[in-house]
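In what follows, a single structure is set out as structure tokens and then discussed.
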Amino acid sequence: MKVLVPVKRVIDYNVKVRVRADGSGVDLANVKMSMNPFDEIAVEEAIRLKEKGTATEVVAVSIGVRQAQETLRTALAMGADRAILVLASEDVHQDIEPLAVAKILAGIVKEESPGLVLCGKQAIDNDMNATGQMLAALLGWAQATFASELKVEGEEATVTREVDGGLQAIKVKMPAVVTVDLRMNEPRYASLPNIMKAKKKPLEEKTPGDYGVDVTPRLRVVKTTEPASRKAGVMAKSVDELVDMLKGAGVV
Amino acid sequence: MYLNETHLQVREMARDFADGVVRPIAEALDRDERFPGEIFEQMAELGLFGVGVPEEMGGPGFDSLTYALVMEELSRGYASIADQCGLVELISTLLVRHGTDEQRALLPSILGMRTKVAYCITEPEAGTDVSGIRTTAVRDGSGWILNGGKVWIHNAPVADLAFVLARTDKDKGHRGMSIFIVDLHAKGVERGPKEHKMGQRASQVGALNFSDVHVPADMLLGEEGRGFHMMMSVLDKGRVGIAALAVGIGQAGLEAAVDYAATRKQFSKPIADFQGVQWLLADMAKDIEAARLLVHSAAMKIDAGQDATKACSMAKCFAGDMAVARTADAVQVFGGSGYIRGFEVERLYRDAKICQIYEGTNQIQRMIIARELLAKGARV
Ligand SMILES: Cc1cc2nc3c(=O)[nH]c(=O)nc-3n(C[C@H](O)[C@H](O)[C@H](O)COP(=O)(O)OP(=O)(O)OC[C@H]3O[C@@H](n4cnc5c(N)ncnc54)[C@H](O)[C@@H]3O)c2cc1C
């Protein structure tokens with residue numbers, strides 16, 4: 001079984017995000033970018049499937065600017081076998097919307113015929129949480145979202161989902177789209193020998209046109225603002241004062 | 001930017017590893033002076049030992065610049081962790097350059113941390129002046145008999161295999177020394193107790209004594225009489241490594257100081273608002289960056305096959321002095337807290353000092369720089 005893993009290049013989760021002066025979005029120029037953490041978990045899971053012998057090949061794909069090939073190299077260094085870069089934009093500030101991404105991925109699925117698409121549940125930049133679901137709909141495949149555990153058994157997979165207040169186990173027919181949640185695994189560090197080997201692994205370049213997809217945005221961002229800053233706390237001078245304050249606030 | 005995509009990828013990996021695995025336990029390792037075997041095993045799996053060993057000999061085959069990047073990041077986590085990486089790099093560079101096929105067969109086990117190594121030059125009477133060593137190796141049938149003692153040897157309390165510089169001809173000065181690969185579990189090897197040090201306290205350092213230790217003939221490294229030159233020939237890379245380690249200590253201090261200055265309040269403002277504190281931070285940042293660039297430039301000279309001796313000594317000397325001065329500044333930014341055990345900068349200041357002493361003291365680095373200048377001229 002071939003596994004396809006879409007990976008997105010996003011602003012690094014450690015970076016303090018700055019809103020652009022004109023409010024059109026977040027400033028991405030000269031900011032550290034990394035693989036979306038949920039996608040890293042998906043890559044890890046795919047590699048584990050390969051190590052277990054369930055998967056035969058892991059193909060990573062990224063859609064966006066040319067620099068996304070760094071993200072793909074990371075996936076290759078972790079253990080993916082090859083990569084596809086769909087060059088969809090020159091501008092780091094243009095976000096390719098979920099529907100366009102899903103359509104391109106559907107095109108790749110037609111060419112590659114994977115038995116499983118493993119995606120992150122969402123990208124930490126825009127938190128859309130839509131691409132996996134849209135892809136499943138376009139393909140007419142089963143979908144399992146927010147997965148914390150995945151067991152593939154022949155024509156079927158058992159997926160444990162993280163839902164409000166607990167876990168839910170479902171069975172889906174393969175091929176399927178599975179979107180992974182934070183607790184599925186802990187991604188490995190890419191080893192130095194694997195970083196070296198990744199340089200020699202194939203990275204194919206495509207364009208949205210190759211799949212007949214138009215990536216022109218359909219959504220318009222009206223305004224982006226910084227979250228309200230937290231108000232400073234007050235210092236209690238004694239335990240008694242603290243207790244009074246807590247009582248005053250109705251906490252105790 | 002001269003760092004390519006692969007350099008950046010390796011740096012990021014080493015940085016993530018240092019942040020995720022090393023830095024959180026650095027304080028405890030310092031306190032307990034513990035040999036962090038479990039971290040070294042993990043590093044071995046990740047290929048962080050023997051960074052420059054070619055792929056066909058079992059390493060990842062990276063350049064010296066990559067090695068410097070790895071050393072800085074590991075050291076930012078904790079200098080003792082980087083120092084083990086530096087030691088393995090030195091030993092494996094010796095084996096790659098001078099080893100027989102049979103000796104190089106030791107590499108996978110060394111890089112895998114299944115065989116722990118030691119690099120033994122210093123003796124009680126021979127520190128800076130290596131020609132004063134008294135350890136001797138005398139031919140005995142097909143092999144050698146080793147007698148003598150080494151001090152302050154990194155890994156001595158835990159090592160399996162030592163690369164020992166010994167005198168094989170007492171009349172030939174620098175040309176009368178040879179290197180032997182010595183099994184430390186052999187008869188006649190005795191280990192001194194572990195030393196308790198000012199800093200880098202997780203590094204295990206101690207003495208090794210050899211009395212009538214038999215060394216098989218095939219454990220002579222390279223040519224007889226070339227030992228001093230072989231030891232010195234790998235020191236360029238060794239110095240780049242220690243210089244990068246010093247930069248990592250400085251960088252950790254800067255990061256801690258910037259965070260603290262932004263949060264610590266006096267006179268109703270963060271202390272970062274005071275120019276007196278800002279200048280400390282600015283001086284730290286500029287000197288760390290200058291040291292880093294010297295390190296990278298020296299590493300690139302090695303990689304380009306150029307004469308790198310002066311560049312490596314300048315990097316080692318500058319970075320070592322910088323680390324001591326700028327971690328002192330980091331302590332200053334923390335005020336009294338910076339002097340208290342448990343605050344990272346207190347440890348960093350102690351960890352920095354040895355950078356001016358080992359791998360050739362900074363006086364010796366200055367001598368080398370001056371010697372190169374006077375022999376080859378000052379023009380760049
Ligand atoms: C933590 C630690 C780990 C070590 N690890 C190892 C190891 O793994 N293997 C190993 O072989 N050694 C190791 N060493 C030893 C280290 O390399 C030596 O301490 C160092 O080379 C200096 O030698 P020394 O201590 O004898 O000082 P000395 O040579 O006695 O020097 C004392 C002072 O005199 C100065 N000085 C000496 N000669 C001159 C000169 N001609 N001109 C100007 N100044 C001079 C020195 O710079 C220094 O300031 C380690 C030491 C320590 C503390």
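Below, read A as the first sequence line, B as the second, and so on, with proteins coming before strands; counting in each chain starts at 1. Computation of the quantities below employed the complete heavy-atom set of this structure, encompassing side-chain atoms and omitting hydrogens, waters and symmetry-equivalent molecules.
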Run the salt bridge (charged side-chain N to carboxylate O under 4.0 Å, His left out) test against A/K8 and tell me which residues pass, sequence neighbours left out.
A/D95, A/D125
How long is the gap from CG on A/N194 to CD on B/Q9, to the nearest 0.5 Å?
10.5 Å
Would you mind reporting whether A/K199 and B/E5 have side-chain heavy atoms less than 4.5 Å apart?
no
Chain A shares the most heavy-atom pairs under 4.5 Å, among B/M43, B/E12, B/Q42, with B/E12
If you count every heavy atom of other residues, nucleotides or ligands that lies below 6.0 Å from A/K237 atom NZ, does the total exceed 12?
no
Does a side-chain N-to-carboxylate-O contact under 4.0 Å join A/R188 and B/E45?
no
Residues, nucleotides or ligands: over 12 heavy atoms within 6.0 Å of B/E56 CD
yes
Min side-chain heavy-atom separation A/S191-B/M13 under 4.5 Å
no
Counting only heavy atoms from other residues, nucleotides and ligands, does the tally under 6.0 Å from CZ of A/R20 exceed 12?
yes
Does A/K151 have more than 12 heavy atoms from other residues, nucleotides or ligands lying within 6.0 Å of its NZ?
no
Listed partners of B/E255 passing salt bridge (charged side-chain N to carboxylate O under 4.0 Å, His left out), at least two apart:
B/R23, B/R76
Below 4.5 Å from any heavy atom of chain B, which atoms of A/R73 appear? Answer side chain, backbone, both or neither.
both
Taking every heavy atom of A/P193 against every heavy atom of B/G47, the minimum-distance pair comes out as CD-CA, 3.8 Å
Applying the side chain to side chain contact (heavy atoms under 4.5 Å, CB included) test to A/L192, which of B/T6, B/L46, B/V51 qualifies?
B/V51
